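Model, not experiment: these values are computed from the prediction. Computed from heavy atoms alone, side chains included, the values below leave out hydrogens, waters and symmetry copies.
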Amino acid sequence: MARMSAFHRLVTKYQRDVDFLIIYIEEAHPSDGWVTTDSPYSIPQHRSLEDRVSAAQVLQQGAPSCSLVLDTMANSSSSAYGAYFERLYVIQNGTIMYQGGRGPDGYQVSELRTWLERYHEQLHGAQPRRV
C-alpha cells in the first residue's frame, strides 16, 4: 500500500506533464493460490475476463486517479513488458524511456520520481528559487 501511495503522489504531481496508465495483469497473490498476509484485498485467481474486470473494479477504488485497463486473459501485456508482478515504465512516442525493475523487489517509485523530475525540468525549465 505504501508503494501505491507513493505512486498516487506522483500521479497527482505530474499528471499535467504525462499520462499515467495502470495495466491490471494476472493477480499476483490470489486468495485461492499463493496467498500473502499483507494484502488488503481477497481476490481469487481470474478464470475469465469478467473475473478480471470485477477485481479491477475493487482495485480502482484505492488506485490513483489515472486510467486503468486490463491485460488480456493470455496476459499479453505482462509477457511483452515482463511485468509480472508489477513494473514501472515510461513510454514516449513508442520508445521505452524508463524501465523499472520487476516487482516487488525491483519496483522503485523513487527511480520513476527522479525520471519525472528531470523530464519536468526539461519541459518547464528550472524555476528560480527564493532565498
Side-chain angles (χ1 to χ4, degrees):
M1 291 303 277
R3 287 189 294 207
M4 186 57 81
S5 296
F7 182 71
H8 183 89
R9 286 190 297 274
L10 288 182
V11 170
T12 301
K13 184 172 183 176
Y14 294 105
Q15 63 189 347
R16 284 187 230 135
D17 294 337
V18 298
D19 296 322
F20 288 88
L21 173 70
I22 296 174
I23 301 173
Y24 183 50
I25 61 172
E26 178 180 2
E27 182 61 36
H29 299 287
S31 58
D32 57 348
W34 184 25
V35 179
T36 181
T37 57
D38 62 351
S39 177
Y41 306 104
S42 178
I43 298 174
Q45 185 173 10
H46 312 143
R47 303 209 190 298
S48 66
L49 188 56
E50 291 77 20
D51 289 349
R52 192 163 285 180
V53 169
S54 295
Q57 289 170 336
V58 169
L59 295 176
Q60 182 79 48
Q61 295 169 4
S65 57
C66 61
S67 299
L68 179 122
V69 296
L70 308 178
D71 200 355
T72 65
M73 289 306 294
N75 299 308
S76 304
S77 295
S78 181
S79 296
Y81 289 96
Y84 194 73
F85 299 108
E86 55 193 350
R87 201 163 198 180
L88 298 168
Y89 278 91
V90 173
I91 301 171
Q92 188 175 42
N93 299 323
T95 302
I96 295 174
M97 303 300 289
Y98 167 81
Q99 176 182 327
R102 287 190 176 138
D105 299 326
Y107 183 100
Q108 301 295 325
V109 175
S110 60
E111 290 178 3
L112 178 60
R113 180 183 313 107
T114 299
W115 192 95
L116 289 167
E117 287 168 353
R118 289 180 184 149
Y119 182 68
H120 180 81
E121 285 181 15
Q122 287 175 357
L123 287 178
H124 304 286
Q127 299 295 318
R129 294 184 184 186
R130 288 186 165 179
V131 277

> Among all residues two or more places apart in sequence or in another chain, which pass the side-chain contact (heavy atoms from CB on, under 4.5 Å) test with Ser48?
Replying inline: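 Counting only residues at least two positions away or on another chain, Ser48 forms a side-chain contact (heavy atoms from CB on, under 4.5 Å) with Glu50, Asp51.
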Indicate every side-chain donor-acceptor pair of residues 109-119 with a distance under 3.5 Å to a residue at least two apart or in another chain.
| from | atom 1 | to | atom 2 | distance (Å) |
| --- | --- | --- | --- | --- |
| Glu111 | OE1 | Tyr98 | OH | 2.8 |
| Thr114 | OG1 | Ser110 | O | 3.1 |
| Tyr119 | OH | Gln92 | NE2 | 3.2 |

Listing, residues 13-24 side-chain donor-acceptor contacts under 3.5 Å, not counting sequence neighbours, or none:
| from | atom 1 | to | atom 2 | distance (Å) |
| --- | --- | --- | --- | --- |
| Asp17 | OD1 | His124 | NE2 | 2.8 |
| Asp17 | OD2 | His120 | ND1 | 2.5 |
| Tyr24 | OH | Glu27 | OE1 | 2.4 |
| Tyr24 | OH | His46 | NE2 | 3.1 |

Give the table of side-chain donor-acceptor pairs shorter than 3.5 Å for residues 70-81, with sequence neighbours excluded, one pair per line with atom names and distance.
| from | atom 1 | to | atom 2 | distance (Å) |
| --- | --- | --- | --- | --- |
| Asp71 | OD1 | Ser76 | N | 3.1 |
| Asp71 | OD1 | Ser77 | N | 2.8 |
| Asp71 | OD2 | Ser77 | N | 3.4 |
| Asp71 | OD2 | Ser78 | N | 2.9 |
| Thr72 | OG1 | Ala74 | N | 3.3 |
| Thr72 | OG1 | Asn75 | N | 3.2 |
| Thr72 | OG1 | Ser76 | N | 3.2 |
| Thr72 | OG1 | Ser76 | OG | 3.0 |
| Asn75 | OD1 | Arg52 | NH1 | 3.1 |
| Asn75 | OD1 | Arg52 | NH2 | 3.1 |
| Ser79 | OG | Asn75 | O | 3.1 |

>> Please determine whether residues Ile91 and Leu10 belong to a single hydrophobic cluster, defined as Ile, Leu, Val, Met, Phe, Trp and Tyr linked transitively by side-chain heavy-atom distances below 4.5 Å.
In response: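 Shared cluster, no.
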>> If the condition is salt bridge (charged side-chain N to carboxylate O under 4.0 Å, His left out), which residues does Arg47 pass it with, not counting sequence neighbours?
In response: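 With sequence neighbours excluded, Arg47 shows a salt bridge (charged side-chain N to carboxylate O under 4.0 Å, His left out) to Asp32, given in chain and number order.
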>> If we ignore hydrogens and angles and just use 3.5 Å, is the side chain of Arg102 paired with the main-chain N or O of Arg87 as donor and acceptor?
In response: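 The answer is no, because no donor-acceptor pair under 3.5 Å joins these two groups.
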